[in-house]
There are 2 protein chains.
Amino acid sequence: MTRMTAADRRSALVLAALRVVADRGVAQATTRAIVAEAGMSLASFHYAFASRDELMTELIRHVMRAESTAVLPDPADAPADGQAPTGPTGPAALRLLLRHGLGRYAEHLRQDPLREKAMLELTQYALRSVEMQPLAREQYDGYHALAALALTSAAEQSGSVWLRPVDEVARLLVALTDGLTIAWLVDRDDPATEALLDTIADAVAALGRPA
Amino acid sequence: MTRMTAADRRSALVLAALRVVADRGVAQATTRAIVAEAGMSLASFHYAFASRDELMTELIRHVMRAESTAVLPDPADAPADGQAPTGPTGPAALRLLLRHGLGRYAEHLRQDPLREKAMLELTQYALRSVEMQPLAREQYDGYHALAALALTSAAEQSGSVWLRPVDEVARLLVALTDGLTIAWLVDRDDPATEALLDTIADAVAALGRPA
DNA sequence: GTCTATAAAGTGATAGAC
DNA sequence: GTCTATCACTTTATAGAC
(Lines give C-alpha, C1' and ligand atoms only; values in the text may rest on other atoms or scores of the structure.)
Protein backbone atom coordinates (compact mmCIF):
# COMPACT_ATOMS: atom_id res chain seq x y z
CA MET A 1 0.00 0.00 0.00
CA THR A 2 1.98 2.96 1.23
CA ARG A 3 5.57 3.37 0.10
CA MET A 4 8.10 3.73 2.85
CA THR A 5 11.85 3.54 2.92
CA ALA A 6 13.21 0.38 4.43
CA ALA A 7 14.63 2.40 7.32
CA ASP A 8 11.24 3.99 8.09
CA ARG A 9 9.57 0.62 7.95
CA ARG A 10 12.11 -0.90 10.28
CA SER A 11 11.70 1.91 12.76
CA ALA A 12 7.90 1.72 12.58
CA LEU A 13 8.07 -2.02 13.26
CA VAL A 14 10.42 -1.54 16.19
CA LEU A 15 8.05 0.98 17.77
CA ALA A 16 5.08 -1.32 17.18
CA ALA A 17 7.01 -4.21 18.68
CA LEU A 18 7.75 -2.16 21.78
CA ARG A 19 4.05 -1.42 22.26
CA VAL A 20 3.18 -5.10 21.88
CA VAL A 21 5.91 -6.18 24.29
CA ALA A 22 4.79 -3.60 26.83
CA ASP A 23 1.12 -4.51 26.53
CA ARG A 24 1.31 -8.27 26.20
CA GLY A 25 4.87 -9.37 26.92
CA VAL A 26 7.79 -10.72 24.91
CA ALA A 27 6.19 -14.14 24.43
CA GLN A 28 3.13 -12.62 22.78
CA ALA A 29 5.15 -10.33 20.54
CA THR A 30 4.77 -12.56 17.49
CA THR A 31 5.47 -11.30 14.00
CA ARG A 32 1.75 -11.31 13.31
CA ALA A 33 0.92 -9.31 16.44
CA ILE A 34 3.63 -6.79 15.56
CA VAL A 35 2.57 -6.22 11.95
CA ALA A 36 -1.06 -5.91 13.07
CA GLU A 37 0.01 -3.21 15.55
CA ALA A 38 2.00 -1.49 12.82
CA GLY A 39 -0.81 -1.86 10.28
CA MET A 40 1.31 -3.79 7.82
CA SER A 41 1.17 -7.13 6.12
CA LEU A 42 3.24 -10.06 7.28
CA ALA A 43 5.30 -9.97 4.10
CA SER A 44 6.33 -6.39 4.76
CA PHE A 45 7.88 -7.54 7.98
CA HIS A 46 10.21 -9.92 6.21
CA TYR A 47 10.96 -7.33 3.60
CA ALA A 48 12.30 -5.05 6.33
CA PHE A 49 13.82 -7.68 8.61
CA ALA A 50 15.43 -11.00 7.78
CA SER A 51 13.98 -12.61 10.89
CA ARG A 52 12.11 -11.98 14.11
CA ASP A 53 15.39 -12.22 16.00
CA GLU A 54 16.81 -9.41 13.92
CA LEU A 55 13.89 -7.22 14.96
CA MET A 56 14.26 -8.20 18.62
CA THR A 57 17.94 -7.30 18.52
CA GLU A 58 17.12 -3.93 17.05
CA LEU A 59 14.32 -3.46 19.59
CA ILE A 60 16.66 -4.12 22.48
CA ARG A 61 19.23 -1.76 21.04
CA HIS A 62 16.53 0.88 20.64
CA VAL A 63 15.07 0.70 24.15
CA MET A 64 18.53 0.82 25.68
CA ARG A 65 19.36 4.04 23.88
CA ALA A 66 15.99 5.53 24.81
CA GLU A 67 16.12 4.45 28.44
CA SER A 68 19.47 6.12 29.02
CA THR A 69 18.15 9.50 27.91
CA ALA A 70 14.80 9.05 29.68
CA VAL A 71 16.37 8.74 33.13
CA LEU A 72 18.81 11.58 32.59
CA PRO A 73 18.08 14.63 34.76
CA ASP A 74 17.04 17.82 33.00
CA PRO A 75 20.30 19.55 31.98
CA ALA A 76 18.79 22.83 33.22
CA ASP A 77 18.86 21.43 36.75
CA ALA A 78 22.55 20.62 36.69
CA PRO A 79 25.27 23.22 37.29
CA ALA A 80 28.14 23.55 34.84
CA ASP A 81 31.07 21.18 35.22
CA GLY A 82 33.50 21.88 37.99
CA GLN A 83 31.47 24.77 39.29
CA ALA A 84 31.31 25.44 43.01
CA PRO A 85 28.11 24.48 44.87
CA THR A 86 25.42 27.13 44.49
CA GLY A 87 22.75 25.94 46.93
CA PRO A 88 22.89 24.58 50.47
CA THR A 89 25.67 22.10 51.20
CA GLY A 90 26.35 19.28 53.65
CA PRO A 91 24.84 15.83 54.28
CA ALA A 92 21.24 17.08 54.35
CA ALA A 93 21.69 18.71 50.94
CA LEU A 94 23.17 15.52 49.51
CA ARG A 95 20.31 13.49 50.91
CA LEU A 96 17.78 15.88 49.40
CA LEU A 97 19.40 15.72 45.97
CA LEU A 98 19.33 11.92 46.08
CA ARG A 99 15.75 11.89 47.27
CA HIS A 100 14.74 14.21 44.48
CA GLY A 101 16.39 12.10 41.77
CA LEU A 102 14.86 8.92 43.16
CA GLY A 103 11.46 10.55 43.28
CA ARG A 104 11.77 11.47 39.63
CA TYR A 105 12.51 7.87 38.72
CA ALA A 106 9.56 6.59 40.78
CA GLU A 107 7.30 9.06 39.03
CA HIS A 108 8.58 7.86 35.67
CA LEU A 109 7.85 4.29 36.77
CA ARG A 110 4.32 5.07 37.96
CA GLN A 111 3.50 6.94 34.78
CA ASP A 112 4.62 4.17 32.46
CA PRO A 113 4.83 0.88 34.35
CA LEU A 114 4.41 -1.21 31.22
CA ARG A 115 7.53 0.33 29.80
CA GLU A 116 9.67 -0.65 32.77
CA LYS A 117 8.10 -4.10 32.82
CA ALA A 118 9.07 -4.41 29.17
CA MET A 119 12.63 -3.29 29.91
CA LEU A 120 13.00 -6.02 32.53
CA GLU A 121 11.55 -8.65 30.20
CA LEU A 122 13.83 -7.60 27.38
CA THR A 123 16.86 -7.83 29.64
CA GLN A 124 15.86 -11.38 30.59
CA TYR A 125 15.25 -12.18 26.95
CA ALA A 126 18.69 -10.89 26.02
CA LEU A 127 20.27 -12.96 28.79
CA ARG A 128 18.89 -16.12 27.15
CA SER A 129 20.55 -15.47 23.82
CA VAL A 130 24.29 -15.58 23.22
CA GLU A 131 24.03 -12.96 20.48
CA MET A 132 22.02 -10.50 22.54
CA GLN A 133 23.74 -10.92 25.88
CA PRO A 134 26.44 -8.37 25.00
CA LEU A 135 23.64 -5.86 24.45
CA ALA A 136 22.39 -6.34 28.00
CA ARG A 137 25.91 -5.88 29.22
CA GLU A 138 26.34 -2.66 27.26
CA GLN A 139 23.04 -1.46 28.62
CA TYR A 140 24.08 -1.97 32.22
CA ASP A 141 27.49 -0.47 31.59
CA GLY A 142 25.58 2.56 30.36
CA TYR A 143 23.37 2.60 33.45
CA HIS A 144 26.40 2.40 35.73
CA ALA A 145 28.15 5.23 33.90
CA LEU A 146 24.99 7.32 34.02
CA ALA A 147 24.53 6.69 37.74
CA ALA A 148 28.16 7.57 38.39
CA LEU A 149 27.67 10.84 36.56
CA ALA A 150 24.57 11.69 38.55
CA LEU A 151 26.27 10.80 41.84
CA THR A 152 29.33 12.88 41.02
CA SER A 153 27.10 15.80 40.16
CA ALA A 154 25.11 15.41 43.39
CA ALA A 155 28.31 15.34 45.43
CA GLU A 156 29.62 18.47 43.73
CA GLN A 157 26.34 20.32 44.11
CA SER A 158 26.15 19.56 47.81
CA GLY A 159 29.86 20.07 48.54
CA SER A 160 30.33 16.41 49.46
CA VAL A 161 32.68 13.59 48.64
CA TRP A 162 31.89 9.87 48.47
CA LEU A 163 33.47 7.61 51.08
CA ARG A 164 33.64 4.81 48.50
CA PRO A 165 34.64 4.85 44.83
CA VAL A 166 31.80 6.46 42.92
CA ASP A 167 31.59 3.45 40.58
CA GLU A 168 30.69 1.25 43.53
CA VAL A 169 28.03 3.65 44.76
CA ALA A 170 26.76 3.79 41.16
CA ARG A 171 26.38 0.02 41.05
CA LEU A 172 24.46 0.23 44.31
CA LEU A 173 22.14 2.87 42.89
CA VAL A 174 21.40 0.87 39.75
CA ALA A 175 20.72 -2.26 41.79
CA LEU A 176 18.36 -0.24 43.97
CA THR A 177 16.35 1.12 41.07
CA ASP A 178 16.02 -2.34 39.52
CA GLY A 179 14.97 -3.77 42.86
CA LEU A 180 12.46 -1.07 43.68
CA THR A 181 11.01 -1.40 40.19
CA ILE A 182 10.36 -5.10 40.66
CA ALA A 183 8.93 -4.55 44.14
CA TRP A 184 6.55 -1.88 42.89
CA LEU A 185 5.50 -3.88 39.83
CA VAL A 186 4.68 -6.79 42.11
CA ASP A 187 2.60 -5.06 44.78
CA ARG A 188 2.03 -1.49 43.46
CA ASP A 189 2.36 -0.31 47.04
CA ASP A 190 2.87 3.45 46.66
CA PRO A 191 3.19 4.36 50.36
CA ALA A 192 5.74 1.58 50.89
CA THR A 193 7.65 2.79 47.86
CA GLU A 194 7.71 6.39 49.08
CA ALA A 195 9.03 5.17 52.41
CA LEU A 196 11.58 3.07 50.56
CA LEU A 197 12.78 6.12 48.64
CA ASP A 198 13.34 7.91 51.96
CA THR A 199 15.21 4.94 53.32
CA ILE A 200 17.35 4.67 50.20
CA ALA A 201 18.19 8.36 50.35
CA ASP A 202 19.25 7.97 53.98
CA ALA A 203 21.34 4.89 53.30
CA VAL A 204 23.10 6.25 50.22
CA ALA A 205 23.66 9.70 51.71
CA ALA A 206 25.43 7.95 54.58
CA LEU A 207 28.10 6.98 52.03
CA GLY A 208 29.04 10.64 51.59
CA ARG A 209 30.55 13.27 53.87
CA PRO A 210 31.23 17.02 53.59
CA ALA A 211 34.28 17.75 51.43
CA MET B 1 4.85 -47.64 31.78
CA THR B 2 5.58 -47.14 35.44
CA ARG B 3 2.68 -46.64 37.79
CA MET B 4 2.80 -43.53 39.91
CA THR B 5 0.23 -41.77 42.01
CA ALA B 6 -1.11 -38.59 40.46
CA ALA B 7 0.55 -36.55 43.19
CA ASP B 8 3.95 -38.13 42.52
CA ARG B 9 3.59 -37.53 38.82
CA ARG B 10 2.61 -33.92 39.37
CA SER B 11 5.58 -33.32 41.61
CA ALA B 12 7.96 -35.05 39.18
CA LEU B 13 6.65 -32.86 36.37
CA VAL B 14 7.06 -29.71 38.45
CA LEU B 15 10.66 -30.57 39.20
CA ALA B 16 11.33 -31.37 35.55
CA ALA B 17 9.71 -28.10 34.53
CA LEU B 18 11.96 -26.20 36.92
CA ARG B 19 15.05 -27.77 35.36
CA VAL B 20 13.84 -26.89 31.87
CA VAL B 21 13.00 -23.31 32.86
CA ALA B 22 16.40 -22.89 34.50
CA ASP B 23 18.29 -24.36 31.57
CA ARG B 24 16.36 -22.93 28.65
CA GLY B 25 13.92 -20.32 29.95
CA VAL B 26 10.17 -20.07 30.43
CA ALA B 27 9.50 -19.68 26.70
CA GLN B 28 11.20 -22.99 25.93
CA ALA B 29 9.48 -24.84 28.75
CA THR B 30 6.92 -26.46 26.46
CA THR B 31 4.91 -29.47 27.54
CA ARG B 32 7.02 -31.59 25.20
CA ALA B 33 10.29 -30.35 26.66
CA ILE B 34 9.01 -30.94 30.17
CA VAL B 35 7.77 -34.51 29.61
CA ALA B 36 11.02 -35.33 27.81
CA GLU B 37 12.96 -34.07 30.84
CA ALA B 38 10.70 -36.10 33.12
CA GLY B 39 10.89 -39.19 30.89
CA MET B 40 7.15 -39.36 30.37
CA SER B 41 4.80 -39.31 27.44
CA LEU B 42 2.86 -36.24 26.47
CA ALA B 43 -0.40 -37.88 27.44
CA SER B 44 0.83 -38.46 30.98
CA PHE B 45 1.24 -34.74 31.33
CA HIS B 46 -2.41 -34.12 30.65
CA TYR B 47 -3.39 -36.95 32.89
CA ALA B 48 -1.66 -35.18 35.79
CA PHE B 49 -2.43 -31.57 34.82
CA ALA B 50 -5.44 -30.10 33.05
CA SER B 51 -3.26 -27.59 31.20
CA ARG B 52 0.21 -26.14 30.91
CA ASP B 53 -0.96 -23.10 32.89
CA GLU B 54 -1.96 -25.33 35.76
CA LEU B 55 1.56 -26.72 35.86
CA MET B 56 3.11 -23.25 35.68
CA THR B 57 0.95 -22.10 38.57
CA GLU B 58 2.05 -25.07 40.63
CA LEU B 59 5.67 -24.49 39.58
CA ILE B 60 5.57 -20.89 40.74
CA ARG B 61 3.97 -21.93 44.01
CA HIS B 62 6.68 -24.54 44.46
CA VAL B 63 9.70 -22.31 43.80
CA MET B 64 8.34 -19.63 46.09
CA ARG B 65 8.08 -22.04 48.97
CA ALA B 66 11.54 -23.43 48.25
CA GLU B 67 13.19 -20.04 47.82
CA SER B 68 12.04 -18.82 51.20
CA THR B 69 13.71 -21.69 53.00
CA ALA B 70 16.85 -21.56 50.82
CA VAL B 71 17.73 -18.03 51.84
CA LEU B 72 17.03 -18.59 55.52
CA PRO B 73 20.17 -18.46 57.66
CA ASP B 74 21.26 -21.62 59.38
CA PRO B 75 19.26 -21.77 62.65
CA ALA B 76 22.47 -22.84 64.39
CA ASP B 77 23.93 -19.41 63.65
CA ALA B 78 21.09 -17.51 65.26
CA PRO B 79 20.72 -17.00 69.02
CA ALA B 80 17.47 -17.84 70.75
CA ASP B 81 14.69 -15.28 70.70
CA GLY B 82 14.99 -12.31 73.02
CA GLN B 83 18.42 -13.37 74.16
CA ALA B 84 21.03 -10.76 74.96
CA PRO B 85 23.83 -10.24 72.43
CA THR B 86 26.57 -12.82 72.86
CA GLY B 87 29.33 -11.50 70.58
CA PRO B 88 30.75 -8.05 69.92
CA THR B 89 28.26 -5.22 69.68
CA GLY B 90 28.03 -1.80 68.07
CA PRO B 91 27.91 -0.47 64.48
CA ALA B 92 30.91 -2.51 63.32
CA ALA B 93 29.27 -5.72 64.56
CA LEU B 94 26.02 -4.86 62.80
CA ARG B 95 27.88 -4.13 59.59
CA LEU B 96 29.71 -7.45 59.85
CA LEU B 97 26.51 -9.39 60.38
CA LEU B 98 24.95 -7.75 57.33
CA ARG B 99 28.05 -8.34 55.24
CA HIS B 100 28.07 -11.97 56.25
CA GLY B 101 24.44 -12.53 55.32
CA LEU B 102 24.88 -10.75 51.99
CA GLY B 103 27.96 -12.83 51.27
CA ARG B 104 25.94 -15.98 51.85
CA TYR B 105 23.34 -14.87 49.33
CA ALA B 106 25.99 -13.97 46.75
CA GLU B 107 27.53 -17.40 47.21
CA HIS B 108 24.14 -19.01 46.70
CA LEU B 109 23.74 -16.95 43.52
CA ARG B 110 27.15 -17.89 42.14
CA GLN B 111 26.60 -21.55 42.86
CA ASP B 112 23.26 -21.74 41.09
CA PRO B 113 22.85 -18.76 38.77
CA LEU B 114 20.33 -20.55 36.58
CA ARG B 115 18.05 -20.97 39.54
CA GLU B 116 17.96 -17.26 40.30
CA LYS B 117 17.55 -16.45 36.63
CA ALA B 118 14.59 -18.81 36.62
CA MET B 119 13.13 -17.12 39.70
CA LEU B 120 13.24 -13.73 38.01
CA GLU B 121 11.70 -15.10 34.83
CA LEU B 122 8.92 -16.79 36.75
CA THR B 123 8.15 -13.57 38.61
CA GLN B 124 7.83 -11.76 35.28
CA TYR B 125 5.71 -14.58 33.94
CA ALA B 126 3.41 -14.36 36.93
CA LEU B 127 3.10 -10.59 36.50
CA ARG B 128 1.68 -11.16 33.01
CA SER B 129 -1.16 -13.35 34.22
CA VAL B 130 -4.04 -12.12 36.33
CA GLU B 131 -4.39 -15.52 37.99
CA MET B 132 -0.72 -15.81 38.94
CA GLN B 133 -0.05 -12.23 39.96
CA PRO B 134 -1.30 -12.82 43.51
CA LEU B 135 1.33 -15.56 43.77
CA ALA B 136 4.10 -13.08 42.98
CA ARG B 137 2.68 -10.76 45.56
CA GLU B 138 2.60 -13.48 48.21
CA GLN B 139 6.17 -14.36 47.32
CA TYR B 140 7.41 -10.83 47.86
CA ASP B 141 5.37 -10.46 51.04
CA GLY B 142 7.23 -13.54 52.19
CA TYR B 143 10.60 -12.08 51.17
CA HIS B 144 9.86 -8.87 53.04
CA ALA B 145 8.82 -10.73 56.17
CA LEU B 146 11.92 -12.91 55.96
CA ALA B 147 14.19 -9.90 55.51
CA ALA B 148 12.53 -8.13 58.46
CA LEU B 149 13.18 -11.20 60.59
CA ALA B 150 16.84 -11.34 59.59
CA LEU B 151 17.27 -7.61 60.20
CA THR B 152 15.65 -7.78 63.62
CA SER B 153 17.89 -10.67 64.52
CA ALA B 154 21.01 -8.82 63.33
CA ALA B 155 20.06 -5.76 65.37
CA GLU B 156 19.52 -7.88 68.49
CA GLN B 157 22.74 -9.79 68.03
CA SER B 158 24.76 -6.60 67.65
CA GLY B 159 22.93 -4.62 70.33
CA SER B 160 21.58 -2.15 67.80
CA VAL B 161 18.28 -0.59 66.88
CA TRP B 162 17.08 0.52 63.45
CA LEU B 163 16.60 4.23 62.83
CA ARG B 164 13.72 3.43 60.47
CA PRO B 165 10.85 0.95 60.77
CA VAL B 166 12.32 -2.50 60.16
CA ASP B 167 9.75 -3.18 57.43
CA GLU B 168 11.17 -0.31 55.41
CA VAL B 169 14.73 -1.52 55.85
CA ALA B 170 13.50 -4.97 54.85
CA ARG B 171 12.03 -3.66 51.63
CA LEU B 172 15.35 -1.99 50.95
CA LEU B 173 17.21 -5.24 51.52
CA VAL B 174 14.96 -7.22 49.19
CA ALA B 175 15.28 -4.59 46.49
CA LEU B 176 19.04 -4.74 46.87
CA THR B 177 19.24 -8.50 46.48
CA ASP B 178 17.02 -8.41 43.39
CA GLY B 179 19.10 -5.61 41.92
CA LEU B 180 22.46 -7.18 42.63
CA THR B 181 21.19 -10.46 41.21
CA ILE B 182 20.30 -8.81 37.90
CA ALA B 183 23.58 -6.89 37.81
CA TRP B 184 25.59 -10.06 38.37
CA LEU B 185 23.59 -12.10 35.89
CA VAL B 186 24.23 -9.43 33.28
CA ASP B 187 27.99 -8.95 33.65
CA ARG B 188 29.14 -11.74 36.05
CA ASP B 189 31.57 -9.25 37.51
CA ASP B 190 32.65 -10.90 40.76
CA PRO B 191 35.06 -8.21 42.01
CA ALA B 192 32.46 -5.49 41.39
CA THR B 193 29.88 -7.61 43.22
CA GLU B 194 32.16 -8.12 46.23
CA ALA B 195 32.72 -4.36 46.36
CA LEU B 196 28.98 -3.85 46.04
CA LEU B 197 28.37 -6.13 49.02
CA ASP B 198 30.76 -4.01 51.07
CA THR B 199 29.01 -0.85 49.95
CA ILE B 200 25.60 -2.29 50.74
CA ALA B 201 26.74 -3.35 54.19
CA ASP B 202 28.03 0.17 54.86
CA ALA B 203 24.88 1.84 53.59
CA VAL B 204 22.44 -0.42 55.43
CA ALA B 205 24.48 -0.44 58.66
CA ALA B 206 24.23 3.36 58.58
CA LEU B 207 20.50 2.89 59.19
CA GLY B 208 21.22 1.41 62.64
CA ARG B 209 22.73 2.77 65.83
CA PRO B 210 23.73 1.25 69.20
CA ALA B 211 20.70 0.61 71.41
C1' DG C 1 -3.34 -45.56 33.75
C1' DT C 2 -0.46 -45.31 29.95
C1' DC C 3 0.44 -45.30 25.44
C1' DT C 4 0.37 -43.78 20.01
C1' DA C 5 -1.81 -41.05 16.79
C1' DT C 6 -3.91 -37.00 15.59
C1' DA C 7 -6.70 -32.88 15.78
C1' DA C 8 -6.83 -27.75 15.88
C1' DA C 9 -4.57 -23.65 16.19
C1' DG C 10 -0.59 -20.85 15.99
C1' DT C 11 4.25 -19.91 14.55
C1' DG C 12 8.20 -17.90 11.37
C1' DA C 13 9.19 -17.60 6.83
C1' DT C 14 8.60 -17.71 1.60
C1' DA C 15 6.53 -17.96 -3.30
C1' DG C 16 4.60 -15.71 -6.73
C1' DA C 17 1.02 -12.48 -8.58
C1' DC C 18 0.65 -7.64 -9.35
C1' DG D 1 7.72 -2.93 -3.04
C1' DT D 2 3.63 -4.80 -1.41
C1' DC D 3 0.24 -7.91 -1.30
C1' DT D 4 -2.39 -12.80 -0.64
C1' DA D 5 -1.81 -17.48 -0.16
C1' DT D 6 0.65 -21.04 1.55
C1' DC D 7 4.47 -24.06 3.32
C1' DA D 8 6.67 -26.46 6.97
C1' DC D 9 6.83 -26.78 11.55
C1' DT D 10 5.59 -26.49 16.54
C1' DT D 11 2.35 -25.88 20.02
C1' DT D 12 -1.41 -27.51 23.48
C1' DA D 13 -4.70 -30.72 24.04
C1' DT D 14 -7.56 -34.92 23.13
C1' DA D 15 -9.32 -39.56 21.16
C1' DG D 16 -9.13 -44.11 21.41
C1' DA D 17 -6.46 -48.53 21.56
C1' DC D 18 -4.55 -51.48 25.03
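All values derive from a computational prediction rather than experimental measurement.
Between B:R9 and C:dG1 there is no side-chain polar atom (N or O) within less than 4.0 angstrom of OP1 or OP2.
When the P atom of C:dT4 is taken as reference, atom CE of B:M40 falls 14 Å away, rounded to whole Å. Between A:F49 atom CZ and D:dT2 atom P there is a gap of 14 Å when expressed in whole angstrom units. If you measure from atom CD1 of B:I34 to atom P of D:dT10, you get 17 Å, rounded to the nearest angstrom. When the P atom of D:dT11 is taken as reference, atom CE of B:M56 falls 14 Å away, rounded to whole Å. Rounded to a whole Å, the CE atom of B:M4 is 13 Å from the P atom of C:dG1. Between A:L13 atom CG and D:dT2 atom C1' there is a gap of 13 Å when expressed in whole angstrom units.
Distance from the side chain of A:S41 is smallest for D:dT4 among the nucleotides C:dG12, C:dT2, D:dT4.
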Requested in this report: Give the intermediate values and the outcome of side-chain hydrogen bond (donor to acceptor under 3.5 Å, both in side chains) for residues A:D178 and A:Y140.
Outcome: CA-CA 11 Å; A:D178 269 353; A:Y140 273 77; 2.8 Å; yes

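Of the residues in residues 124-134 of chain B, none has a non-hydrogen atom less than 4.0 angstrom from any atom of DNA chain C.
Here the straight-line distance linking atom CG of B:L127 with atom NZ of A:K117 works out to 5.5 Å at 0.5 Å rounding.
Judged purely by atom type and a 3.5 angstrom limit, A:R164 has no side-chain atom pairing as donor or acceptor with the backbone of A:V169. Within the 3.5 Å criterion, the main-chain N or O of B:D189 finds a donor-acceptor partner in the side chain of B:T193. Put simply, the side chain of B:S153 never gets that close to the backbone of B:L149: no donor and acceptor are under 3.5 Å apart.
Counting heavy atoms from C-beta on, the side chains of A:L197 and A:L180 come closer than 4.5 Å.
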Tell me which donor-acceptor pairs under 3.5 Å the side chains of residues 15-36 of chain A have, and how far apart each pair is, sequence neighbours excluded?
unit_1, atom_1, unit_2, atom_2, d
A:R19, NE, A:E37, OE2, 2.6
A:T30, OG1, A:A33, N, 3.1

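A donor atom on one side chain and an acceptor atom on the other are not found under 3.5 Å apart for A:Y125 and A:E121.
Residues A:L13 and A:A38 share a closest heavy-atom pair of CD2-CB, 4.0 Å.
Using a 4.0 Å heavy-atom criterion, one finds that B:S44 contacts the sugar-phosphate atoms exclusively.
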Query - Base versus backbone protein contacts along nucleotides 13-18 of chain C [heavy-atom cut-off under 4.0 Å; B, S, -] - result: BB----

